[in-house]
> 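This structure is in structure tokens; I'll ask about it shortly.
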There are 2 protein chains.
Amino acid sequence: MANIYDVAKAAGVSPATVSRVLNGARVSPDRAARVRAACAELGFRPNRVARGLRRQSSDVLGLIIADIENPFFTALARGVEDVARTAALSVVLCNADDDPEKEAAYLDVALAEHMAGVIISPASVTETDITQVLAKGIPVVAIDHSPESAQVDTVASDEERGAYAATCHLIEEGYRRIACITGPRESWAAVQRLRGFLRAHRECDPPRARPAVKYSDFRVRGGYRAMAELLDSAQPPDAVMVTNNLMAAGALEAMYDRDLRPPAIGVAAFGDAFWSHLVRPALTSVHQPAYEIGRAAAELVLRRRTSPDLDPQTVVLPTSLEIRDSSRRPS
Amino acid sequence: MANIYDVAKAAGVSPATVSRVLNGARVSPDRAARVRAACAELGFRPNRVARGLRRQSSDVLGLIIADIENPFFTALARGVEDVARTAALSVVLCNADDDPEKEAAYLDVALAEHMAGVIISPASVTETDITQVLAKGIPVVAIDHSPESAQVDTVASDEERGAYAATCHLIEEGYRRIACITGPRESWAAVQRLRGFLRAHRECDPPRARPAVKYSDFRVRGGYRAMAELLDSAQPPDAVMVTNNLMAAGALEAMYDRDLRPPAIGVAAFGDAFWSHLVRPALTSVHQPAYEIGRAAAELVLRRRTSPDLDPQTVVLPTSLEIRDSSRRPS
DNA sequence: CTGTTAGCGCCTTCAG
DNA sequence: CTGAAGGCGCTAACAG
């Protein structure tokens, strides 16, 4: 592969001039034209590794997500990409799989590759350590919540309120025993959504005590198991708030397997799924602006690249409750 | 950030020795211990950019996929990751969005970053150009089909036969006017699946002529539009073979909007979706071994890293037809 | 506006 | 087994 010296020789200029042409610095038109011709002729592609070493930075943005199979993150990824493109950054996705170890490995990559920025949905509030990356001056933006290791720009949707609204809706529909299937205890989102669920129980009139709560793993299978346990328990619920879309799919499956269907047992889910209105009855869900969250996160990265010393900012985007048939209690 | 010179100084050895410790070359135990202590002390992380420049290679594997929102690719990504981890490679996903330009940009990144390998689901049979990447010695493995620009290792599922089987099934059920909603003409997969669909029409007894065919875009919205046009046409079909899972979701939605439901109009889809048995009636579909395809692709990359001169190999994995209620014609 | 030069951090001969 | 030294390809000072 040709390098800038080859190009310089072919164009009859110095390597520095080639570099200038490549980077849009001022060069006389005829020399610039010669350089461009030589580049084309030799099929020259600038070596980003060398450039990265020299400039101590790259133009790829790392997006470290918890679960590649979750539509929330894939929609978010699109938002990130669309903004990143405007700044000529490439986006690479890293799937941490909710595993702090894998996540650490990818943070290492981001660090060692000197990425232009990192957007991360932390696998753990306590374990995720972003101090190294930050120390190298790489902007980090957190999705949902900042890890404890350092306070950084954060974009979140209003998890607690969304879950609260969905639960209130189930209460108003007249369901009596509402259970919650939520995610891992280490997950900030799981905890927030559970809090909203519990607050709705406290604040309704009359207040309700001790609703059933199942901790699961945000996966389809986990949702299935949790729902199965609830349904097979001594006092099964007559409605359930599921704190993510994948677990909701599993929960529905568990119901179908027992010939139970909403809204006999009411179901509301947190998060979107393009199949939520394909199932019958259609699934009530809390809409999360995933795409916009991605956009906002990418914009925060760009902002911090230009002004690194701003105070960490938190952007909270609203959720909205989309009521469909799965939660309309037959009277 | 500390570098190997700092570590060398702290450990009282030469930079070369530090490098040897880092890379597992033979070093006397006590010096090695001193080096490791110094690394820990200084929080030293080897700079991969510099290493990459020197070694002309990196340990990240690029996975360039057509659509991040398609569960087929996310399942495939897991297969790739699981194998890559065994070889201590990191996987980064790049979403080309079925756009040859974006794809070219990511191929550029792979080239410029000297990635350890590239697994790509080509956006276009003719336009995707992998010659540059190959010329730099980066192993490329194609999903579905090798681009015309160069013959490389390929992993595919048996698209044509899967579509053939699904179509035969619809024919056997007694559907008379079976339409096909397929993907872009540039997509190899779309073409193969359409071929299977057409072959089933030719080979059945008596042969059928001129089934309706809609070209769409493999997206939910595209599937919706295509199905809407079919249903609103003068001679609407009584069954439809949809060549991917996302378009199937859209097609179902278009039917629901018109109060039509399978199996009155039979539906069979190519590809899995975890919601396919949540919709009612459950969706007949051609199962594609996405995870295994990912594994196989990653294994081909690893194989070619060790033996670069083997002949290009094509691995074809079988599909299987999963018959559910959406295609069981009421008699 | 242009050319020369000195590294960015690491690995890898080559001597010892 | 160890250290010295050069260079991977590029860019940013510094002169001119």
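Chain naming here is simple, since letters A, B, ... match the order of the sequence lines and numbering starts at 1 in each. Not measured: the values here are computed from a predicted model.
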> Less than 3.5 Å apart, any donor N or O on the side chain of A/Glu113 or A/Ser58 sitting next to an acceptor on the other?
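Not at all, the side chains of A/Glu113 and A/Ser58 share no donor-acceptor pair under 3.5 Å.
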> Can you tell me the distance, in whole Å, between the CG atom of B/Leu111 and the P atom of D/dG9?
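That distance rounds to 13 Å.
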> A/Glu148 and A/Thr126: side-chain donor and acceptor closer than 3.5 Å?
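Judged by distance alone, the side chains do not pair up.
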> Between B/Thr17 and D/dG3, is there a contact of a side-chain N or O with OP1 or OP2 at under 4.0 Å?
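So the side chain of B/Thr17 is within the cut-off, an N or O lying under 4.0 Å from OP1 or OP2 of D/dG3.
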> Would you give me the side-chain donor-acceptor pairs under 3.5 Å for residues 34-45 of chain B, sequence neighbours excluded?
residue : atom : partner  : partner atom : Å
B/Arg34 : NE   : B/Ala11  : O            : 2.9
B/Arg34 : NH2  : B/Ala11  : O            : 3.3
B/Arg45 : NH2  : A/Asp108 : OD1          : 3.4
B/Arg45 : NH2  : A/Asp108 : OD2          : 2.7

> A/Lys136 NZ to C/dC8 P: how many Å, rounded?
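Spelled out: NZ on A/Lys136 to P on C/dC8 is 13 Å.
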> Taking atom C1' of D/dT11 as reference, at what distance in whole Å does atom CG of A/Leu22 sit?
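After rounding, the gap between these two atoms is 11 Å.
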> Let's see if you get this right: which residues in residues 43-56 of chain A place a heavy atom under 4.0 Å from DNA chain D?
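A/Phe44, A/Pro46, A/Asn47, A/Ala50, A/Arg51, A/Arg54, A/Arg55, in order of number.
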> How close or far is atom P of C/dC10 from atom OH of B/Tyr5, stated in whole angstroms?
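In whole Å, C/dC10 P lies 9 Å from B/Tyr5 OH.
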> Taking any heavy-atom pair under 4.0 Å as a contact, classify B/Val18: base, sugar-phosphate, or nothing.
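Answer is nothing: B/Val18 stays at 4.0 Å or more from every strand.
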> Thinking salt bridges, do A/Asp153 and A/Arg303 make one under a 4.0 Å N-O criterion?
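Here A/Asp153 pairs with A/Arg303 in a salt bridge, since their nearest N and O are under 4.0 Å apart.
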> Atom CZ of A/Arg31 and atom P of C/dC1: how far apart are they, to the nearest Å?
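Taking CZ of A/Arg31 and P of C/dC1, I get 12 Å after rounding.
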> Between the side chains of B/Arg219 and B/Asp67, is the shortest nitrogen-to-carboxylate-oxygen separation below 4.0 Å, so that they form an ion pair?
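Yes, charged N to carboxylate O under 4.0 Å.
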> If I take atom NE2 in residue B/His114 and atom P in nucleotide C/dG9, what distance separates them, rounded to the nearest angstrom?
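Atom-to-atom, B/His114 to C/dG9, this comes out as 20 Å.
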> Output the rounded distance in Å from CZ (B/Arg26) to P (D/dT2).
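So the CZ-P distance, B/Arg26 to D/dT2, works out to 10 Å.
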> Quick one: do the B/Asp82 and B/Tyr291 side chains pair a donor with an acceptor below 3.5 Å?
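Short answer, yes.
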> Could you tell me how far apart A/Ile4 (CD1) and D/dC8 (P) are, to the nearest whole angstrom?
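Interatomic distance, CD1 of A/Ile4 to P of D/dC8: 12 Å.
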> Does OP1 or OP2 of D/dA12 have a side-chain N or O of A/Ser19 closer than 4.0 Å?
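For A/Ser19, the contact criterion (side-chain N or O under 4.0 Å from OP1 or OP2 of D/dA12) is not met.
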> Where each residue is assigned the nucleotide of DNA chain D containing its nearest heavy atom, which of B/Pro15 and A/Ala16 is assigned the position nearer the 5′ end?
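Closest to the 5' end, via its nearest nucleotide, is B/Pro15.
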> Quick one: is D/dC8 close enough that its OP1 or OP2 comes under 4.0 Å of any side-chain N or O from A/Asn3?
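Answer no for this pair, as no side-chain N or O of A/Asn3 is under 4.0 Å from OP1 or OP2.
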> Reckon B/Arg20 has a side-chain N or O less than 4.0 Å from the OP1 or OP2 of C/dC10?
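No, B/Arg20 has no side-chain N/O under 4.0 Å of OP1/OP2 on C/dC10.
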> Enter the distance from B/Lys136:NZ to A/Asn47:CG here, rounded to the nearest 0.5 Å.
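Atom-to-atom, B/Lys136:NZ and A/Asn47:CG are 5.0 Å apart.
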